[in-house]
Protein chains: 2
Amino acid sequence: METKAIATDKKFQNIFEHANATKNGVCPVRDIIARISDKWTLLSIYALGGYGKMRFNELKHRIGDVSQRMLTVTLRNLESDGLVLRKVYPEVPPRVEYELTDLGLSLMHQMEYIIDWANTNSQEIIKRRKKVGNKK
Amino acid sequence: METKAIATDKKFQNIFEHANATKNGVCPVRDIIARISDKWTLLSIYALGGYGKMRFNELKHRIGDVSQRMLTVTLRNLESDGLVLRKVYPEVPPRVEYELTDLGLSLMHQMEYIIDWANTNSQEIIKRRKKVGNKK
DNA sequence: CGGGATCCCAGATGATACTG
DNA sequence: CAGTATCATCTGGGATCCCG
């Protein structure tokens, strides 16, 4: 199984060469990856993408174990990245709806490959993990 | 842009319904996602997949800013998950080589979609992020 | 060379209380 | 309802030292 081919790809260099080069700034690609791979971002995007436009508490309930604070923080980040649209209705009590932008939706579609992979292999991986005797 | 369709998918329910159901255990899919979305896992897999079999310090150098400790921890986890193969040669000084297993390679291929997306959109996102005036 | 074991801190996250 | 503000906590991860 030889896999050295892709090392010459542009996108590949964007992660490794670039990362070592710019010590001051941060590699843009790593930056994005870091952002979307935090604890709640993927789940938020996926929930919004799957169930469509939603209000804050509805989303919170969907995800289940996210705290109000962290969901707020996550959504604000997603909004400033242009992945989520936040719409506030001037009512009392307030109503706020969140939905994916086209950009957010496109990201979700890429995420699906990972989710599919995890769905397919999770049982096997976790079984093996315990067999080896790891703590976590 | 209607996107409610996928909410009925099996894989979708594995993330949301399932997560709320099993309060004691953890949703297997979320578990896997959490594991591979930590700070170094993706980079390690990607480096190994791109450059092929590598020794410890070679890998460390490729990634660039990972500490010895975290690379060790990351590789151990990957090994116990069956994504990376660790081969120790009984020599002095010791030589240890790491390479992706077929499973690890298959995961890397799914990751490429995300990487591609990040490569394509990172500049735009980061530009927008600053414009909004967010701190980070 | 490739780690293991410890110590320790910053930042991520949770819990709680308050508010327009 | 949808936050904000504050305080408490927990943990990822770096630094350091040691070892076969």
Side-chain angles (χ1 to χ4, degrees), chain A residues 19-20 23 26 30-31 33-44 47-48 53-81 84-99 132-136, chain B residues 19-20 23 26 30-31 33-44 47-48 53-81 84-99 132-136:
Chain A
N20 299 332
K23 292 170 187 170
V26 184
R30 287 198 189 194
D31 189 323
I33 298 294
R35 173 65 67 88
I36 66 179
S37 71
D38 79 83
K39 193 171 181 181
W40 303 115
T41 297
L42 187 147
L43 286 171
S44 298
L48 284 175
K53 190 186 299 180
M54 244 183 292
R55 299 181 62 168
F56 184 86
N57 277 330
E58 198 180 347
L59 181 55
K60 182 171 182 307
H61 182 254
R62 281 287 176 206
I63 297 179
D65 54 343
V66 65
S67 68
Q68 189 178 48
R69 188 179 120 79
M70 289 318 297
L71 183 55
T72 300
V73 170
T74 301
L75 288 171
R76 287 292 188 280
N77 285 335
L78 287 173
E79 188 191 5
S80 92
D81 281 8
V84 160
L85 185 67
R86 178 170 178 267
K87 198 179 294 179
V88 183
Y89 295 86
E91 306 172 0
V92 177
R95 181 160 60 101
V96 181
E97 288 183 342
Y98 292 90
E99 68 179 317
V132 177
N134 271 60
K135 49 289 158 187
K136 208 175 178 184
Chain B
N20 299 332
K23 291 169 185 169
V26 184
R30 286 198 189 194
D31 188 324
I33 298 295
R35 172 66 66 88
I36 65 179
S37 70
D38 79 84
K39 193 171 181 182
W40 303 115
T41 297
L42 186 146
L43 286 171
S44 299
L48 283 176
K53 190 186 299 181
M54 243 182 293
R55 299 181 62 169
F56 184 86
N57 278 329
E58 198 180 348
L59 181 56
K60 182 171 185 305
H61 183 254
R62 281 287 176 205
I63 297 179
D65 54 344
V66 65
S67 69
Q68 189 180 50
R69 183 180 120 83
M70 289 318 298
L71 184 55
T72 300
V73 170
T74 301
L75 288 171
R76 286 293 187 278
N77 285 336
L78 287 173
E79 187 190 5
S80 91
D81 281 9
V84 160
L85 185 67
R86 178 170 178 266
K87 198 179 295 180
V88 183
Y89 295 86
E91 306 173 358
V92 178
R95 180 161 62 102
V96 182
E97 287 183 341
Y98 293 90
E99 69 179 317
V132 177
N134 271 60
K135 48 289 159 190
K136 207 176 179 184

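On a predicted model such as this, the values are computed, not experimentally measured, just so you know. Residue numbers begin at 1 in each chain, while the letters A, B, ... track the order of the sequences.
- Note: CG (L71(B)) to P (dG2(C)) measures 10 Å, nearest angstrom.
- Judged by closest nucleotide on DNA chain C, K39(A) is the one of P94(A) and K39(A) placed further toward the 5' end.
- The C1' atoms of five pairs define one axis at each end of the helix from dC1(C)-dG20(D) to dG20(C)-dC1(D), and these two axes lie 50° apart (to 10°).
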Enumerate all atom pairs, one protein N or O and one N or O from nucleotides 4-8 of chain D, separated by less than 3.5 Å.
{"unit_1": "dT4(D)", "atom_1": "OP1", "unit_2": "R76(A)", "atom_2": "NH2", "d": "3.2"}
{"unit_1": "dT4(D)", "atom_1": "O4", "unit_2": "Q68(A)", "atom_2": "OE1", "d": "3.3"}

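- Rounded to whole Å, atom C1' of dA2(D) lies 16 Å from atom CE of M54(A).
- Considering only residues two or more places apart in sequence or on other chains, L43(B) meets the side chain to side chain contact (heavy atoms under 4.5 Å, CB included) condition with I15(A), F16(A), R30(A), W40(B), I63(B).
- A sub-4.0 Å separation between OP1 or OP2 of dG3(C) and a side-chain N or O of Y98(B) is present.
- When rounded to the nearest whole Å, the span between CZ of R95(A) and C1' of dG20(C) equals 18 Å.
- Applying the 4.0 Å criterion to OP1 and OP2 of dA2(D), one finds that N57(A) has a side-chain N or O inside that range.
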I would like to know whether V66(A) and K60(A) meet side chain to side chain contact (heavy atoms under 4.5 Å, CB included); could you show each step before the answer?
CA-CA 7 Å; V66(A) 65; K60(A) 182 171 182 307; 4.2 Å; yes
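- Following rounding to the nearest Å, D65(B) (CG) and dA15(D) (P) show an atom-to-atom distance of 11 Å.
- Summarising the geometry, the separation between CG on L43(A) and P on dT13(C) is reported as 12 Å, rounded to the nearest angstrom.
- The list of side-chain hydrogen bond (donor to acceptor under 3.5 Å, both in side chains) pairs with a residue in residues 85-96 of chain B, not counting sequence neighbours, reads R86(B)-Y98(B), Y89(B)-E97(B), E91(B)-R95(B), R95(B)-E97(B).
- Looking at residues two or more places apart in sequence or on another chain, you find a side chain to side chain donor-acceptor pair (under 3.5 Å) between T41(B) and D38(B).
- In this structure, Y89(B) reaches neither bases nor backbone, as no heavy-atom distance under 4.0 Å exists between it and the strands shown.
- The distance between atom NE2 of H61(A) and atom C1' of dA2(D), rounded to the nearest whole Å, is 17 Å.
- A47(B) approaches M54(B) most closely through the heavy-atom pair O-CE, 3.5 Å.
- Look at NZ on K87(B): it is 19 Å from C1' on dG3(C), rounded to the nearest Å.
- Side-chain contact check for S44(B) versus L78(B): some heavy-atom pair is nearer than 4.5 Å.
- At whole-Å resolution of the value, CE in M70(A) and C1' in dT13(C) are 6 Å apart.
- Annotation: side chain of V88(A) is not in contact with side chain of P94(A) (no heavy-atom distance under 4.5 Å).
- With rounding to the nearest 0.5 Å, the separation of CG in L71(B) from CG in L59(B) is 5.0 Å.
- Summarising the geometry, atom CD1 belonging to I36(A) is positioned 4.5 Å from atom CD1 belonging to I33(A); distances are rounded to the nearest 0.5 Å.
- Look at R55(A) and you'll find a side-chain N or O under 4.0 angstrom from OP1 or OP2 of dA2(D).
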